Amino acid sequence: MTVLHLVNARLAGRPDRPVDVLLADGHVAAVVPTGAPLPGDLDVGYTGPERVDLDGRTVIPGLWDAHTHLTQWAMVRRRLDVSTATGPAHAAALVGAALTDERRHPAPGRPFVGFGFRWATWDDEPTSEVLDYVAGEVPVILISGDLHSAWASTAGLRYLGIEHHPTGLLREEEWMPASPEIVTVSAADADELLADAARAAAERGVVGVVDFEVDDNLTAWRRRAMAGWDLLRVRAAVWEQHLDAVVDAGLHTGDVLAPGSGPAADLITQGPLKVISDGSLNTLTAFCFDDYAGFAGPDAHGILNVATDQLVPLMTHAHASGLRCAIHAIGDHANALALDAFEASRARGSVEHAQMLQAEDVARFAALGITASVQPEHAMDDRDASDELWVGRTERAFRLADLHAAGVPLVLGSDAPVAPLDPWFAIASAVTRSRDGRDPWHPEQRIDVATALAASTDGRGVRVRPGDPADLAVLELDPLTLSDDGTPTGAAVLAEVLRELPVAGTLVAGRWTYRGF
């Protein structure tokens, strides 16, 4: 048994005095006022294997990131960051500066890869020639911050098997089939990178993630389970191309992937079916009812990747096989069609992103019981692009307050590597709609700290309760004591406090995955 001693009591539901939180067999066994007698079946005194004095620190349910691409995030953490680039020349200068260091040159036969550029609002279009000027014969491939496009030098295009391209900017289906060459590594390298990324996530209070990696996740995560993975809980999604293997294995959402593989086997479970129905704002491919401002033509309102007549039977099959569905939809038209597909198939699950919604579709989310899995940090990344490309309709973007008020189940994530795997970033953006000292963007869609925390704890709310898994985060501050003064300056200050909120420790199934005190 582990005893967490002298815990700030408010989030444990005991506001009168400090509490002790008792952990046993991977669960919260009891929450009792410090010094009070233990329940009879737990009255073993404080002579158990571990007693940890928390000195008034706050304990909350551990945090989840409900939308990650975990291997890609692990790889991006070691790649050139070009997210600050203000145009093609700036991005190329970042590449050129990096290549002056011989140690950063790729191994023979491999490309130099960067990540994070956002070209939709640049004045100039990215071209291969701009990268050629700084890279020469080094194959350079830059992946966009939303993962839906890539920009390659001439040598980079050759690496991808493309001999001629008018610009070097590859969008959606031009890029997606080629991306596995760039976003995959050997199994051994992937596992090493993942372990490093998981340890970093634990330092921010993360106990679990939903992994939407485009991979054979059943095979990959079974291998990691057999190797003793014990760093995070993982729900491993399945893509259509691997669906038959999951169905043939008789796996339902929530089932353990590798039973009997060790004491931490239940940390890795089957996740939902993932389908990408449209593109993204920054690639001008999110499928909307209206055209993007300043664009005309058949695709000026975006691109639908999977038509409803394809989506419904796929979701019906998954639902009949015991799998939830997670449908990527960013544009308002894509969201409406995703909800149509949920209704027609009777599937359960989530819409991933739900970035732009008509009012009637907010109500449909609630009526159908569909979870809105949103990434509030994207609102800060996309605010300028939204204002420019979705002129006159940004009040319908990232409708967190409207969704919550309607009773829609709300979960927060990062879409890492599109945004960093750090739930405090998502919480800060959801609560303040502010970043980098800027005024809040559509502040009417803010939610409060308690709601944002509850949307980040896998349905456990903000209190630690007996019987819950002993997946916990230990904080140096009580986040529910934080608020702003109602001014833009106050929101900006609160945003930074939440983004940097200090985490003292993290436990998964009662075992420390991070301890910083």
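These numbers were taken from a predicted model, which means no experiment stands behind them.
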Novice: As an exercise, state the distance from SG of Cys325 to CG of Leu323, rounded to the nearest 0.5 Å.
Specialist: 7.5 Å
Novice: Which residues pass the salt bridge (charged side-chain N to carboxylate O under 4.0 Å, His left out) test with Asp415, not counting sequence neighbours?
Specialist: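 Residues passing salt bridge (charged side-chain N to carboxylate O under 4.0 Å, His left out) with Asp415: none at all.
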Novice: Strictly below 4.0 Å, N to O, side chains only: are Asp458 and Arg235 in salt-bridge contact?
Specialist: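 So Asp458 pairs with Arg235 through a salt bridge.
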Novice: With rounding to the nearest 0.5 Å, note down the distance linking CG in Leu63 to OG1 in Thr506.
Specialist: 8.0 Å
Novice: Does the side chain of Val214 come within less than 4.5 Å of Trp239's, by heavy atoms?
Specialist: yes
Novice: How close do Leu494 and Leu482 get, counting heavy atoms only, and between which atoms?
Specialist: CD1-CB, 3.8 Å
Novice: Is Glu50 paired with Arg515 through a side-chain N to carboxylate O contact shorter than 4.0 Å?
Specialist: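 Salt bridge flag = yes for Glu50 with Arg515.
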Novice: Taking side chain as C-beta onward, heavy atoms only, is Ser434 less than 4.5 Å from Asp439?
Specialist: no
Novice: Any chance you could measure Leu70, atom CG, to Leu194, atom CG, to the nearest 0.5 Å?
Specialist: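 So the gap between those two atoms works out to 5.0 Å.
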Novice: Drop me the distance from Leu412's CG to Gln375's CD, to the nearest 0.5 angstrom.
Specialist: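 Answer rounded to 0.5 Å: 8.5 Å.
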Novice: Quick one: which of Val31, Leu4, Val3 gives a side chain to side chain contact (heavy atoms under 4.5 Å, CB included) with Leu22?
Specialist: Val3
Novice: Under 3.5 Å, is there a donor-acceptor pair between the Asp65 and Thr68 side chains?
Specialist: no
Novice: Taking CG in Asp485 as the centre, count heavy atoms belonging to other residues, nucleotides or ligands within less than 6.0 Å. Is the count above 12?
Specialist: yes
Novice: Could you verify whether a donor N or O on one side chain and an acceptor N or O on the other, from Gln355 and His353, lie under 3.5 Å apart?
Specialist: no
Novice: Is the Lys NZ or Arg CZ of Arg348 less than 6.0 Å from the centre of Phe342's six-membered ring, within 45° of the axis?
Specialist: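 No.
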Novice: Tell me, with the steps shown, if Asn282 and Ser280 meet side-chain hydrogen bond (donor to acceptor under 3.5 Å, both in side chains).
Specialist: CA-CA 6 Å; Asn282 285 277; Ser280 70; 5.9 Å; no
Novice: So if I apply the salt bridge (Lys or Arg N to Asp or Glu O under 4.0 Å) rule between Glu377 and each of Arg383, Arg433, Arg499, which one comes out positive?
Specialist: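 Per the salt bridge (Lys or Arg N to Asp or Glu O under 4.0 Å) rule, the option paired with Glu377 is Arg499, out of Arg383, Arg433, Arg499.
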Novice: Just how far is it from atom CG of Leu273 to atom CZ of Phe212, taken to the nearest 0.5 Å?
Specialist: 9.5 Å
Novice: Once the angle between the rings of Phe398 and Trp441 is folded into 0 to 90°, is it parallel (under 30°), tilted (30 to 60°) or perpendicular (over 60°)?
Specialist: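 The rings of Phe398 and Trp441 stand perpendicular, inter-plane angle above 60°.
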Novice: What's the verdict on salt bridge (Lys or Arg N to Asp or Glu O under 4.0 Å) for Asp146 and Arg118, showing C-alpha distance, side-chain angles and the deciding distance?
Specialist: CA-CA 8 Å; Asp146 59 16; Arg118 296 174 182 274; 5.6 Å; no
Novice: Going through the checks in order, is the ring pair (Phe, Tyr, Trp, His ring centres under 6.0 Å) test met by His67 and His328?
Specialist: CA-CA 11 Å; His67 190 126; His328 163 120; 7.7 Å; no
Novice: Which heavy atom of Ala428 sits nearest a heavy atom of Leu498, and at what distance?
Specialist: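 Closest heavy-atom pair between Ala428 and Leu498: CB-CB, 3.7 Å.
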Novice: Let me see the working for Asp422 and Ser414 under side-chain hydrogen bond (donor to acceptor under 3.5 Å, both in side chains), right down to the final yes or no.
Specialist: CA-CA 7 Å; Asp422 188 333; Ser414 65; over 6 Å; no
Novice: Should Leu80 and Val95 count as side-chain neighbours, where that means a heavy-atom distance under 4.5 Å?
Specialist: yes
Novice: Indicate whether the side chain of Glu352 and that of Ser373 have a donor and an acceptor atom separated by less than 3.5 Å.
Specialist: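 A donor-acceptor contact under 3.5 Å links the two side chains.
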Novice: What closest approach, in Å, do Val59 and Val464 show between heavy atoms, and which atom pair accounts for it?
Specialist: O-CG2, 3.7 Å
Novice: If we ignore angles and hydrogens, is there a donor and acceptor under 3.5 Å between the side chains of Asp478 and Thr481?
Specialist: no
Novice: Quick one: do Asp196 and Arg77 make a salt bridge, cutoff under 4.0 Å?
Specialist: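 A salt bridge is present here (some side-chain N lies under 4.0 Å from a carboxylate O).
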Novice: Give a yes or no on whether Glu496 atom CD has more than 12 heavy-atom contacts from other residues, nucleotides or ligands under 6.0 Å away.
Specialist: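 For Glu496, atom CD is crowded (more than 12 foreign heavy atoms under 6.0 Å).
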Novice: One thing to verify: whether Asp20 and Arg51 come together as a salt bridge, which I'm taking to mean a side-chain N less than 4.0 angstrom from a carboxylate O.
Specialist: no
Novice: Looking only at heavy atoms, which two atoms of Ser429 and Met380 are closest? And how far apart?
Specialist: OG-CG, 3.3 Å
Novice: Could you check if a side-chain atom of Ile370 sits within less than 4.5 angstrom of a side-chain atom of Arg364, using non-hydrogen atoms only?
Specialist: no
Novice: Assign the ring pair Trp512 / Phe517 to parallel, tilted or perpendicular, where the plane angle (0 to 90°) is split at 30° and 60°.
Specialist: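 It falls in the perpendicular class, over 60°.
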Novice: Would you name the heavy atoms of His27 and Gly467 that are closest together and state the gap between them?
Specialist: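 That would be CD2-O, 3.4 Å.
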Novice: Applying side-chain hydrogen bond (donor to acceptor under 3.5 Å, both in side chains) as the test, list every pair that has at least one member in residues 216-225; sequence neighbours left out.
Specialist: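 Those involving residues 216-225 are Asp191-Arg223, Asp191-Arg224, Asp211-Trp221, Asp216-Thr219.
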Novice: Is the shortest distance from a Lys or Arg side-chain nitrogen in Asp361 or Arg399 to a carboxylate oxygen in the other one below 4.0 Å?
Specialist: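 A salt bridge is absent here (no side-chain N lies under 4.0 Å from a carboxylate O).
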Novice: Do you know the tightest heavy-atom contact between Arg104 and Ala98?
Specialist: CB-O, 3.7 Å
Novice: Given Thr394 and His442, is the side-chain hydrogen bond (donor to acceptor under 3.5 Å, both in side chains) satisfied, shown in steps?
Specialist: CA-CA 8 Å; Thr394 55; His442 287 291; 2.8 Å; yes
Novice: Measure the shortest side-chain to side-chain distance between Trp424 and Glu500 over non-hydrogen atoms and say whether it is less than 4.5 angstrom.
Specialist: no
Novice: Under a 4.0 Å threshold between the charged nitrogen and the carboxylate oxygen, would Arg103 count as salt-bridged to Asp101?
Specialist: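 Salt bridge: yes.
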